[in-house]
Amino acid sequence: MPYDFERVERKWQQYWAENRVFDVERDPGKPKFYCLEMFPYPSGALHMGHLRNYSIGDLLSRYLWMKGWNVLHPMGFDAFGLPAENAALKYGVHPKKWTWDNIEHMTAQLKSMGCSYDWRRRVETCAPEYYRWTQWIFLLFLKNGLAYRKHAPVNWCESCQTVLANEQVIDGGHCWRCGSVVTKRKLEQWFLNITRYAQELLDSLDSLAGWPERVKLMQRNWIGRSEGVRLTFPVEGLEKGLETFTTRFDTIYGVTFLALAPEHPMVEEFARLSPNGEQIRAFVKETVQKSEIERTAVGGEKKGVDTGFKAINPVNGEKVPIWVSNYILIEYGTGAIMGVPAHDQRDFEFARKYGIPIRLVIQPEVGALEPETMSHAFEEEGIQCNSAGFDGLPTRESIPRMARWAEETGIGKREVNYRLRDWLISRQRYWGAPIPVVYCEKCGIVPIPEEQLPVLLPDVQVLPGGKSPLPETPEWVNTTCPACGGPARRETDTMDTFICSSWYFLRFTSPWTQDGPFRGEDVNYWMPVDQYIGGIEHACLHLIYARFFTKVLSDLGYVEVREPFTNLLTQGMVIKDGSKMSKSKGNVVDPDEIIRKYGADTARLFILFAAPPDKDLDWSEKGVEGAHRFLKRVWRLVEEGGARLKEAPRRRIPLAEIEERSRRELKRRIHSTIENVGRDIEKERQFNTAVARLMELSNDLSDFVPETDQDWILYREGIETLLLCLSPFTPHLCEELWEMLGNRGCLATAAWPEVEADCLEAESVTIVMQVNGKVREKIELPAGLSEEQLKERVLSHEAVRKRLEGKEILKVIAVLDRLVNVVVKG
RNA sequence: GCCGGAGUGGCGGAAUGGUAGACGCAGCGGACUCAAAAUCCGCCGGGCCUCGGGUCUGUGGGGGUUCGAGUCCCCCCUCCGGCACCA
C-alpha cells in the first residue's frame, strides 16, 4: 500500500475534530503553556509566511502537549482593515461578505495543515461580539485619561485616504500598508497616551529575557529616550519667551542663534510683527508643503529665514537672532532649538550657510580648534572653555554639574524626552471598529454608555473613490445624546486595526464571555503567552502596542501580568530566487498547491527542516521532494516490517540485557534521538537539526536487519520512537503508522517517550590523536578512561608510537573521551 | 552617519574552545529495468603524490590569545536589517 497522504490527512483531521482532541480548559493540576502565533489578516488565502508561522507553532504545541503541559493553542482573524474595502471597490462585494468568506476559506486551509487549534476559541475582530469589547476598552482608556482628541499635524496617506500613526510610517516616509508617500495634514484626531508608558515600556524590556536582542533594540531605538534640559529664552520686545530642549546644556555658552520649526506657534506672531513677514510666511508655506522624505533627508539642504527678533541667552544676557528653519521638527521637544554651531553638525551647517558666528565652548583634550578653520562641528567630549565659571571642566563633569546649576538658578529644568509619540488611532475608514462616542452640541464629546455597546457598523455600500461611507450615512450619524437626549452626531472615524490586535491574546482565554472582554480567572490562569511567534516586521508596531495595552489593563486591575509575551520567536521570511515571495515578483508558491501535490506533512517537514526558524528560508521544490522522499521511507519502514513488526511485543529491553554490540548501539541511538530532538525543540528552538536527528534514526533503522525475537522488539521500539518523536512535525503520517502497528489511542495525546539514561552513555569513543594540534590518528577506546589511562593507551598505540619515533615529547594534553594532543619538538 | 546581525562545499545548512562540512538537495558511478521513473548501493571541499593509502591546504581578509580557534580578542572588507536633521 503506497503512502496515500491525501487519504491519511483527511482521515486524521476528521478524527481530531470529531474527538475534540485539542479542546483545552483550565486545569490547575497541570502546568499551563500558552502558545500563540500572530493571527492572520483574512486576505483571501494563506501564503507561505503563514504556513511557516503556523508550522512552527503547531510543532511546539504538539510537542509540549506530549510533554504533559496544558497547552492553549488558539487561532483567530485580524479581520478589520482596508483590503476589504479595496476588494469591495474592485469586485463589488461588500467588505463584510468578502471578509467572512475569506475567514471561512482560510480556516479550512488551516485545518488542512493539520494544526492543533482549539477551534471553539476562534475570534474575529470584525464580529460585533468582539469589537463590542474593543470599544469597551477604548472607553476605559477614555475614562482614565488615556484617550484624547488633539489638533495636530498628522501623517496622511492619500492612497489609503486616512491618517496613520508614526509607527505606521516606514522607510523614511512611506505608508506601511501601501508604500505611498505620506504627507502631513493638520487635523483633529484621537490619540492614545502611549508616551505616558514610554519609560516603563523601555525599562521592562530588560525583563524580557526570552525576546531576541534585535527586537528589544529596535524598540529601545523607537522609544528613543534622551535626557536634557528645558529652558526658556526671553524674546526681546515680547512678553513671551521661547522654550527649547537640549541634551547638551553644557554648550549653552556657545549658543549663537535660535531656530524654530516652521509649524511653531510663535512663527506667525513673528511674521505679523516683522517687516519681512511676507518672506517668513513664504518660507513656511514652501517648507510645510514638502513631504516628510524631502524634509528629513539627511544631508538635505538646511534653509531658513531670519525673523529679525532676538532672544536673550539667560546665562549671559547675550542677544542672538531667532531663525525659522526647515531642519527643526515641530513634533520633537518644544519645536525650537538653541543653535550651537561649534558643537552640533546640523547647527554648524546652518550657521556656515548664513554666516552666523561659531563659538567654541569645548576644546578637545589635545590640540586646539579655531572656529574659522573647523570643517565640521566638534561633538565629542573635551574641556569646557568660554563658559564663565565652568571653564576647565571635562565634559563628563560639566554636563551634570551645569544641569544642576540650571535648576538651582531657575534657568532651566532637567527633562527626559522620548522619540515615541502618542498613538494616533482614528482612521477615516469604514471597515473598522467605530469609535464609540457622539458629539453633542450641548454636552460635547459623550461616550456611549457601556450597556449600549457595541456601536454597530452599519451595513452600507462603500463609495467609489475609496472615501468612507460613514459620514455620508445620515441615519447612522444622526442620533441622540446619551447624556441629554438632544440631537448628536456619531464619531464617523473607526479605530486603527492595531487596536483590535492589541488585546486578542487576552480574549482567547475566554472568547465566549459576554459580560466582559475576558474572564479574570481565565486570563490570569493562561496569561502570559509563553511563546509568541510571528514576523519581525511587528517589532515597533503590534509588539509595542500589545505591551502598552497589557500595562494599561494591568494598571486598571483587569490582568495581573505586566508583559504579554514571555518568549518571542521572530520567524524569517520565505525567500524564492533571492527575494521575498510576492505577487509583483511572480515568485509566489501557493501553499494549497504544495499540500495537494505532496501533502501537509511534507510541507510542514520541509519548512521546519530547510532553515532555523529565525533565519530566512529558501524555498526549493527539490527540497520539498526530499522531505517527501523521507516520509515515504518512513512509511515503507513500517510497511515492510509487516506482520513480524506488528506482532513484536511492545516492550523495552534494558540496555544491559542486550548481548550484541551493534544492537546496543541501536538502542543507544534510539534514546539519544529522544533526548536530542527534545532538546532541539524545547531549549534550542532549532527544528532543522531536530529533523536531521530523526532522519539519522530512520537511516539507522533502515540499515538494521532484525533476526531474533529480541531484535524485533528492539526494532519496534526504534520505529515507535521515531513515530512519536516525528509526530509533532508530521502528525497525520505518524498517526496512521501508529495505528497500522496495531496501537490504540491517538499519538496527539500520547506521551513523549522516556529516555533511558544509561543509553546516553557511550560504550566506546573515538579518541583523536593529535600531534601539535593536527589530527593524526583515530583510535577506538572504551569510554570513561581516566586522563592517565587515556594517555597511556594512546601513547602505547602502535601507529602512534611510529609517529612519535625520534621526536621529543614536550607535553601531552588529554581531553576525556575526546582527544589526546601530543606536543613535540623536531 | 549611528546601532544590530551575518559571511562555512555547487546549494540549504551542522558543529558545549577539541575529528570542520551532521542532515538534506544537486551531481557522479553502479544495481534493478527492453527503457524510463521510482527504489536501492557507493562516491562527493580543494591541491599534490609512488593514488582502496599518504600529504598539504581549507570556515570573508589580516593579526593575536591557546597545546588546540569556524567558535574568544583586535583591525579591515562585503552583504543584510533597523534608525536616521529627534536638538
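We use all heavy atoms of the structure for the numbers below, so side chains are in, but hydrogens, waters and symmetry mates are not. Letters A, B, ... mirror the listed sequences (proteins, then strands); counts begin at 1.
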Side-chain-base donor-acceptor pair under 3.5 Å for A:N821 and B:rC67:
yes

Let me have RNA chain B in dot-bracket notation, would you? Count Watson-Crick plus G-U wobble pairs, both distances under 3.5 Å, and use [ ] for pairs crossing earlier ones and | for inter-strand partners.
(((((((..(((.....[....))).(((((.......))))).(((((...)))))..(((((..]....))))))))))))....

Can you sort out the partners of A:P212 under side-chain contact (heavy atoms from CB on, under 4.5 Å), two or more places apart, ordered by chain and number?
A:V215, A:L568, A:T570

Side-chain-base donor-acceptor pair under 3.5 Å for A:K302 and B:rC85
yes

Can you give me the N/O atom pairs linking the protein to nucleotides 19-21 of chain B at distances under 3.5 Å, or say none if there are none?
residue, atom, partner, partner atom, Å
B:rU19, O2, A:K778, NZ, 2.7

Pairing residues for A:K632 by the salt bridge (charged side-chain N to carboxylate O under 4.0 Å, His left out) criterion, not counting sequence neighbours:
none

Please tabulate the protein-to-nucleotide N/O contacts below 3.5 Å involving nucleotides 10-15 of chain B, giving atom names and distances.
residue, atom, partner, partner atom, Å
B:rG12, O2', A:A610, O, 2.7
B:rG13, O3', A:N688, ND2, 3.2
B:rA14, OP1, A:N688, ND2, 3.2
B:rA15, OP1, A:Q686, NE2, 3.1

For A:E763, side chain to side chain donor-acceptor pair (under 3.5 Å) partners two or more places apart
A:R664, A:R668

Can you pull the salt bridge (Lys or Arg N to Asp or Glu O under 4.0 Å) pairs that have at least one residue in residues 692-703 of chain A, sequence neighbours excluded?
A:R669-A:D700, A:D680-A:R693

Tell me if the aromatic rings of A:W423 and A:F191 count as close, with their centers under 6.0 Å from one another.
no

A:R818: what forms a side-chain contact (heavy atoms from CB on, under 4.5 Å) with it, not counting sequence neighbours?
A:V815

Contacts of A:K615 that satisfy salt bridge (charged side-chain N to carboxylate O under 4.0 Å, His left out) - sequence neighbours left out:
none

List in numerical order all residues of residues 783-791 of chain A for which some heavy atom is under 4.0 Å away from an atom belonging to RNA chain B.
none

Kindly give the atom pairs (protein nitrogen or oxygen, nucleotide nitrogen or oxygen) under 3.5 Å for nucleotides 45-49 of chain B.
none

A:R629 side chain: which of B:rC23, B:rU57, B:rC25 is closest?
B:rC25

Residue pairs, two or more places apart or on separate chains, that pass ring pair (Phe, Tyr, Trp, His ring centres under 6.0 Å) and touch residues 612-637 of chain A
A:Y3-A:H628, A:Y3-A:W635, A:F5-A:H628, A:Y598-A:H628, A:F606-A:W619

